[in-house]
Amino acid sequence: MVVLLVATLGLIAAAALAFWPSRDERGEPDRAATAPEGGHAEPAAPSSLEGVLTAQLIAGEITRSQYLRAQEQIAARDEARHPMNVPWDDAHP
């Protein structure tokens with residue numbers, strides 16, 4: 001009988017907490033809302049050429065075709081500067 005009483009009281013307490021008005025509903029200001037404008041850190045600037053191009057594409061400064069052309073040029077430049085050496089497979093001549 002005691003277990004049933006404790007379980008019932010627990011369910012009543014859980015239901016009361018679930019429907020308890022939140023801070024926003026009571027009209028109290030949130031701490032985040034009263035924080036100064038400079039409270040949020042600015043996103044870090046891109047540190048690579050690919051990152052700069054991506055940021056420009058997202059911001060609408062360049063078109064998709066300009067972005068793809070620039071990426072192709074970066075890939076061609078990297079291939080010329082640092083070609084990938086693939087080891088030959090001796091099993092297949």
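Values below: all heavy atoms of this structure, side chains included; hydrogens, waters and symmetry mates excluded.
- Remark: I12 CD1 to L17 CG distance equals 12.0 Å, nearest 0.5 Å.
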Extract all donor-acceptor atom pairs below 3.5 Å that involve side chains of residues 45-68 and protein atoms in other chains or at least two apart in sequence.
residue, atom, partner, partner atom, Å
S48, OG, G51, N, 3.1
T54, OG1, E50, O, 2.8
T63, OG1, S65, OG, 3.2
T63, OG1, Q66, N, 3.3
T63, OG1, Q66, OE1, 3.4
Q66, OE1, T63, N, 2.8
Y67, OH, Q71, NE2, 3.2

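- Residues Q73 and R77 are not in side-chain contact: their nearest non-hydrogen atoms beyond the backbone lie 4.5 Å or more apart.
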